[in-house]
Amino acid sequence: MDNNIYSSRILIVDDEDSIRQTFNIFLKAEGYEFVKTASNYDEAINAVRESEYDLIISDIVLTGYSGTDLLKEIRDLGAKCPVVMITGFPNLNTAAKSIRYGAYDYISKPVNKESLLHFTRLALEHWHVTKKTQLLQQENEKYRRYLDTIFHSVSDAIITVDSRMDVVQLNEKAKQWLCYVDFEKHHNLLQWPVDTLCHAFIDDVHKILQGGQEVRKHIIECATPDHATKMLSINASPMRDENNELQGVVIVARDLETTKTSERNQSRTSFHGFVDSSPAMQKVYGLIENIGKVDTSVLVTGESGTGKELAAEALHAESSRHNRPLIKLDCASFSENLLESELFGHRKGAFTGADRDRAGRLLQADGGTLFLDEIGEISPRTQLFLLRFLQEKTFTPLGLDEPIHVDVRIIAASNVDFQKIVREGKFREDLYYRLKVIEIHLPPLRERKENIPLLANYFLITFRKQLGKNIASISDQALECMLRYSWPGNIRELKHVIERACVLCQDGVLQVKHLPVELQTASFKEIELAEPLALAPSAFPPTSLDLAHPMPPYQSEEEKLRKALIYANNNRAKAAKLLGVSRSTLYRWMERYQLTEE
């Protein structure tokens with residue numbers, strides 16, 4: 001707050017030179033960086049027209065005009081900042097007039113240093129709080145509109161009801177189904193016609209309000225206007241507040257006939273470069289389809305190798321900007337200064353080595369999408385510049401004075417724990433929430449292992465064509481090894497494993513012997529990392545699922561890293577091999593979890 005206050009813009013208006021200079025000296029000595037003075041009405045009006053101010057201090061008596069005339073004109077020009085009126089002859093009329101025109105305060109002369117600094121600080125604190133409140137209100141309204149867009153665009157009927165059974169909200173699909181209900185007159189659920197559909201809604205709401213438990217999916221038969229039968233699936237869930245108090249009910253109804261197409265889509269095995277038929281990824285596909293059409297910032301999260309760049313490409317392909325450029329930038333690949341140049345561009349001579357003009361990625365992406373990978377790695381300075389761009393849609397290249405306006409959709413991605421680095425002060429909270437208007441989380445491969453055979457065979461087909469190999473399939477034992485392994489490198493690691501195996505395979509079938517050692521002994525190594533002395537590694541890989549050696553509980557990325565380093569006696573090359581990642585990835589993980597000195 002203090003830093004914001006001292007960078008505020010202050011305008012002093014007084015026709016006495018000594019007062020202007022004295023106020024100017026006092027304020028600058030206190031630390032206020034920008035103080036401008038005006039000696040008359042015209043100078044003050046020109047100053048307000050040319051720039052925005054956070055505080056205006058004006059004498060009530062000006063040559064040819066009054067301070068209240070100035071105050072009225074300032075407000076007419078749209079300036080909303082606090083204005084403090086100073087007078088040597090206080091009276092009720094001028095005070096009332098000042099307040100009527102929106103003066104923040106009315107101060108009597110003489111004004112000493114202490115009183116000047118006191119009311120200046122109070123006025124600026126009030127103004128900054130006011131602006132922050134307005135910004136939050138705007139953000140909340142914007143977020144509400146996004147939620148409304150999603151709420152009204154889904155194909156299911158959604159109805160929210162409060163604890164008195166008054167209808168709070170319906171989406172368009174619900175209104176279509178209940179077109180025979182007069183919602184303006186019958187705003188309570190109990191006032192609706194007692195037909196099969198309404199009776200089912202009322203019954204579900206009663207059950208939740210009385211028992212507090214979710215009413216799981218059940219199917220009812222409803223008659224349509226043409227006397228046909230429509231099958232509806234209905235779910236009802238309790239709405240609770242932050243204190244877990246029951247506030248109402250949400251009803252979701254789906255027409256099973258109209259969802260046959262979407263159910264077929266649920267079994268799709270590919271989507272914009274993704275190859276995955278797992279339920280977790282089916283949800284991601286649906287989310288990308290819905291969000292892609294909403295022109296807003298998206299944050300894609302997930303571990304390394306889960307396909308965040310593919311998600312960005314899919315979002316761009318599903319958007320109205322699909323015919324415009326998709327520009328990508330790996331933020332972790334550049335130093336702070338080079339990243340700013342890459343992002344915002346620079347003019348020739350802006351810094352040593354800048355021998356020509358360079359258009360930044362933002363300008364290259366104008367009209368399209370900019371994908372910022374590893375956004376969690378950018379410096380505080382770059383975070384501030386990016387926040388300003390997201391707020392104003394303008395940026396200033398290095399070496400240029402005038403800002404440039406572009407129309408760019410931002411998609412950011414990272415594998416860091418944002419809530420943790422925000423708490424630690426390493427990432428701005430306001431930037432985090434501007435990037436995370438909507439979040440897409442990509443689950444790690446260990447949480448969707450049922451898809452490993454599909455992915456493995458997809459990569460097998462890809463690499464046997466590239467390498468010209470006659471490899472027919474993958475043995476069951478090799479697939480079992482893949483299913484036992486934890487895949488810390490996720491899909492990228494699986495892709496590299498299959499490529500390596502295809503290079504080594506000469507026998508027509510990809511076998512266990514073609515896999516890396518860490519996969520061949522996956523089940524044993526997982527136990528060793530959890531309990532280093534529990535079991536000596538076997539010289540032979542498992543050939544079938546062995547109930548004597550079940551998979552251990554899931555370990556976090558940090559736990560696996562620490563135990564891999566212990567298992568490898570701090571040999572980083574060996575630890576990277578055990579984890580199935582590159583050394584650069586290992587070093588980045590060690591830095592993230594502050595293990596570089598251990």
Side-chain angles (χ1 to χ4, degrees), residues 269-270 273-276 278 281 302-313 328 330 332-333 373-374 413 415 442-475 477-507 509-523 525-526 529 541 555 557 560-561 564-565 567-568 571-590:
T269 59
S270 63
F274 284 102
V275 178
D276 201 312
S278 65
M281 287 305 295
E303 296 178 8
S304 295
T306 49
K308 295 185 288 296
E309 185 173 342
L310 275 180
E313 293 173 353
K328 304 174 184 178
D330 184 354
S333 301
D373 198 8
E374 300 294 347
N415 58 8
L442 299 180
L445 186 56
R446 63 179 170 272
E447 294 180 4
R448 41 187 170 118
K449 284 193 170 184
E450 68 273 22
N451 197 60
I452 287 176
L454 176 66
L455 279 167
N457 281 287
Y458 171 80
F459 291 136
L460 171 65
I461 294 170
T462 300
F463 290 118
R464 74 185 180 191
K465 287 181 179 178
Q466 289 183 8
L467 300 171
K469 293 290 190 78
N470 184 24
I471 304 173
S473 59
I474 304 172
S475 73
Q477 288 84 353
L479 282 175
E480 286 174 3
C481 288
M482 296 180 198
L483 289 169
R484 287 175 177 264
Y485 187 54
S486 63
W487 298 106
N490 293 293
I491 298 170
R492 183 186 297 118
E493 183 185 7
L494 174 60
K495 179 180 179 181
H496 293 162
V497 164
I498 299 299
E499 182 179 14
R500 173 188 184 276
C502 288
V503 171
L504 298 177
C505 181
Q506 303 293 335
D507 303 323
V509 176
L510 197 154
Q511 304 171 39
V512 172
K513 66 181 181 180
H514 302 131
L515 301 178
V517 175
E518 56 267 26
L519 265 78
Q520 294 183 32
T521 58
S523 61
K525 186 176 65 183
E526 289 288 336
L529 290 178
Q555 300 172 38
E557 187 177 82
K560 285 186 178 294
L561 175 60
L565 288 168
Y567 182 76
N571 183 319
R572 299 182 183 186
K574 184 177 179 181
K577 186 176 180 181
L578 288 173
L579 292 169
V581 298
S582 65
R583 290 194 194 182
S584 61
T585 299
L586 179 78
Y587 295 151
R588 188 165 65 246
W589 287 359
M590 291 178 67

**Fill in**
Separation between CG (Asn457) and CD1 (Ile452), nearest 0.5 Å, reads 12.0 Å
**Prompt:** When rounded to the nearest 0.5 angstrom, what distance separates NZ in Lys465 from CG in Leu460?
**Reply:** 11.0 Å
**Asked** So Thr306 and Asn490, side-chain hydrogen bond (donor to acceptor under 3.5 Å, both in side chains) or not? Walk me through it.
**Response** CA-CA 6 Å; Thr306 49; Asn490 293 293; 5.5 Å; no
**Prompt:** Is there a donor-acceptor contact under 3.5 Å from the side chain of His514 to the main chain of Gln511?
**Reply:** yes
**Message:** Once rounded to the nearest 0.5 Å, what's the spacing between atom CD1 of Ile471 and atom CD1 of Ile461?
**Reply:** 11.5 Å
**Complete:** Tightest non-hydrogen contact, residues Val512 and Ser475, listed as N-OG, 4.3 Å
**Request:** Measure across Leu455 and Leu445 and return the closest heavy-atom pair with its distance rounded to 0.1 Å.
**Result:** CD1-CD1, 4.0 Å
**Item:** Heavy-atom pair with the smallest gap, counting every atom of Gly489 and Glu493
**Value:** N-OE1, 2.7 Å
**Prompt:** At their closest point, which heavy atom of Ile474 faces which heavy atom of Met482, and how far apart are they?
**Reply:** CG2-CE, 4.2 Å
**Prompt:** Taking Lys574 for the side chain and Ala564 for the main chain, is one N or O donor matched with an acceptor at less than 3.5 Å?
**Reply:** no
**Message:** Do Leu519 and Trp487 have side chains that approach each other closer than 4.5 Å (heavy atoms only, starting at C-beta)?
**Reply:** yes
**Non-hydrogen side-chain atoms of Arg464 and Leu510 separated by less than 4.5 Å** = no
**Asked** Any sub-3.5 Å donor-acceptor pair from Gln520's side-chain atoms to Cys481's backbone N or O?
**Response** no
**Prompt:** Taking only residues two or more places apart in sequence, or in another chain, which ones meet Lys328 in a side chain to side chain contact (heavy atoms under 4.5 Å, CB included)?
**Reply:** Glu309, Glu313, Leu326, Phe371
**Message:** If you compare all heavy atoms of Tyr485 against all heavy atoms of Lys449, which two are closest, and at what distance to 0.1 Å?
**Reply:** O-NZ, 2.7 Å
**Complete:** Residues at least two apart in sequence or cross-chain that pass side chain to side chain donor-acceptor pair (under 3.5 Å) with Lys513, listed by chain then number, are Asp507
**Message:** Within this structure, what is the CG-CD distance for the pair Leu494 and Glu499, rounded to the nearest 0.5 Å?
**Reply:** 11.5 Å
**Request:** Please answer whether the main-chain N or O of Cys502 pairs with a side-chain N or O of Lys469 as donor and acceptor at a distance below 3.5 Å.
**Result:** yes
**Request:** Find out whether Leu565 and Met590 are in side-chain contact, i.e. whether some heavy atom of one side chain is under 4.5 Å from a heavy atom of the other.
**Result:** yes
**Heavy-atom check, side chain of Leu442 versus side chain of Leu310, under 4.5 Å** = no
**Message:** Is any side-chain heavy atom of Asn451 closer than 4.5 Å to one of Met281?
**Reply:** no
**Request:** Of all the heavy-atom pairs spanning Pro453 and Leu483, show the shortest one and how long it is.
**Result:** CD-CD2, 4.3 Å
**Asked** With distance as the sole test, does Lys495 use its side chain to make a donor-acceptor pair with the main-chain N or O of Phe459 at under 3.5 Å?
**Response** no
